[in-house]
Amino acid sequence: EQQSTPRLGPRRLALRREEGERGSSGPRRRSKGGILGFMSQEDIDAVHRGFEGFNRGDIKAVLEMCDPLIEWLPPAELPGVSVYHGHQGVREAAQDMRDVFGALRAEPEEIVDAGDRVVVLFCWRGQGRGSGVSLDLVGDQAAVFTMRNTKAIRAQWYIDRSDALE
């Protein structure tokens with residue numbers, strides 16, 4: 001059964017750090033509407049650590065964010081895409097991406113709370129390993145993590161941010 005992502009309310013967490021805030025280990029909280037109290041900071045922190053780990057090439061940090069039975073869904077628009085399952089699937093997905101792009105970073109810009117989901121608005125940074133084409137041309141993307149007990153049980157990746165925010 002296909003689950004739809006709920007319309008997102010005004011609860012957002014920006015990842016822009018204050019100037020001079022050195023050594024901060026997490027994003028600064030920002031809210032439109034003052035209702036951040038409903039946000040699961042543990043879920044957000046887990047996803048943020050997963051992104052940081054991916055950017056360091058630390059797959060163990062990515063797996064820490066994931067339930068052992070996670071369903072990992074790359075963007076449907078990609079040719080030959082398939083769903084990855086479990087920790088081994090996440091390892092394979094990460095390796096597949098690194099095989100194509102080499103040094104690759106997913107730079108979060110904003111994290112949006114959506115109840116039992118965490119939405120990350122991010123940009124890919126890197127180059128095609130063979131082509132040298134910059135991922136800066138790809139633009140802004142998004143991922144939606146369905147969370148249970150601070151672990152992602154589902155990760156859906158989107159090329160078009162508006163699809164993730166519907």
Side-chain angles (χ1 to χ4, degrees), residues 2-5 8 13-17 24-27 40-114 116-166:
Q2 182 86 13
Q3 291 182 341
S4 64
T5 303
L8 299 175
L13 181 69
L15 290 174
R16 297 173 194 96
R17 290 187 171 83
S24 174
S25 63
S40 170
Q41 189 62 43
E42 292 83 13
D43 288 347
I44 288 167
D45 289 346
V47 171
H48 191 249
R49 285 190 304 271
F51 270 78
E52 288 176 336
F54 178 84
N55 290 339
R56 289 190 312 270
D58 180 1
I59 192 65
K60 285 184 180 182
V62 177
L63 296 177
E64 278 295 312
M65 143 186 109
C66 299
D67 183 88
L69 300 176
I70 188 168
E71 188 177 43
W72 191 273
L73 297 97
E77 298 88 349
L78 296 179
V81 71
S82 64
V83 176
Y84 297 90
H85 297 277
H87 282 182
Q88 184 58 35
V90 173
R91 281 187 196 93
E92 291 170 11
Q95 189 59 51
D96 288 349
M97 293 170 60
R98 295 218 183 264
D99 287 348
V100 173
F101 298 106
L104 178 66
R105 295 181 53 80
E107 296 181 355
E109 296 175 343
E110 192 168 12
I111 296 177
V112 181
D113 170 48
D116 68 341
R117 292 179 173 95
V118 174
V119 180
V120 181
L121 307 179
F122 69 95
C123 291
W124 286 115
R125 299 285 183 240
Q127 294 180 292
R129 187 176 289 254
S131 68
V133 172
S134 172
L135 281 176
D136 293 352
L137 302 174
V138 173
D140 302 334
Q141 296 191 16
V144 178
F145 298 89
T146 304
M147 306 297 288
R148 184 184 315 136
N149 300 321
T150 69
K151 300 286 185 184
I153 60 172
R154 181 178 181 167
Q156 173 72 58
W157 300 84
Y158 295 90
I159 290 175
D160 185 338
R161 283 185 176 179
S162 64
D163 292 339
L165 297 172
E166 287 181 354

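When reading the values below, keep in mind they use all heavy atoms of this one structure, side chains included, and skip hydrogens, waters and symmetry mates. Along the sequence shown, residues are numbered consecutively beginning with 1.
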Between [X] and [Y], is there a donor-acceptor pair closer than 3.5 Å when you use the side chain of the first and the backbone of the second?
{"X": "R98", "Y": "L104", "answer": "yes"}
{"X": "D43", "Y": "R117", "answer": "no"}
{"X": "N149", "Y": "K151", "answer": "no"}

For [X] and [Y], which heavy atoms make the closest approach, and how far apart are they?
{"X": "G53", "Y": "V62", "value": "C-CG2, 4.3 Å"}
{"X": "A76", "Y": "V81", "value": "O-CG1, 4.0 Å"}
{"X": "L121", "Y": "A142", "value": "CD2-CB, 3.8 Å"}
{"X": "V120", "Y": "V47", "value": "CG2-CG1, 3.5 Å"}
{"X": "M147", "Y": "A46", "value": "CE-CB, 4.4 Å"}
{"X": "F122", "Y": "P108", "value": "CB-CA, 3.7 Å"}

A side-chain contact here means heavy atoms from C-beta on lying under 4.5 Å apart; do [X] and [Y] qualify?
{"X": "I159", "Y": "L78", "answer": "yes"}
{"X": "D116", "Y": "T146", "answer": "yes"}
{"X": "F145", "Y": "C66", "answer": "no"}
{"X": "M65", "Y": "F54", "answer": "no"}
{"X": "V118", "Y": "H48", "answer": "no"}

Distance in Å, [X] [atom1] paired with [Y] [atom2], rounded so as to fall on 0.5 Å steps:
{"X": "H85", "Y": "I70", "atom1": "NE2", "atom2": "CD1", "answer": "11.0 Å"}
{"X": "E52", "Y": "R105", "atom1": "CD", "atom2": "CZ", "answer": "9.5 Å"}
{"X": "H87", "Y": "W72", "atom1": "NE2", "atom2": "CH2", "answer": "10.0 Å"}
{"X": "T150", "Y": "R49", "atom1": "OG1", "atom2": "CZ", "answer": "8.0 Å"}

| request: May I ask you to check whether over 12 heavy atoms, not counting those of E64, lie within 6.0 Å of atom CD? | output: no
| message | How about CG on D99, more than 12 heavy atoms from neighbouring residues, nucleotides or ligands closer than 6.0 Å, or not? | response | yes
| task | Output, in order, the C-alpha distance, side-chain angles, deciding distance and verdict of side chain to side chain contact (heavy atoms under 4.5 Å, CB included) for N55 and R125. | result | CA-CA 10 Å; N55 290 339; R125 299 285 183 240; over 6 Å; no
| message | The test is salt bridge (charged side-chain N to carboxylate O under 4.0 Å, His left out); show your working for E109 and R161 and say whether it passes. | response | CA-CA 12 Å; E109 296 175 343; R161 283 185 176 179; 2.8 Å; yes
| query | Checking side chain to side chain contact (heavy atoms under 4.5 Å, CB included) for the pair Q141/W124: CA distance, chi angles, key distance, verdict? | reply | CA-CA 8 Å; Q141 296 191 16; W124 286 115; 3.1 Å; yes
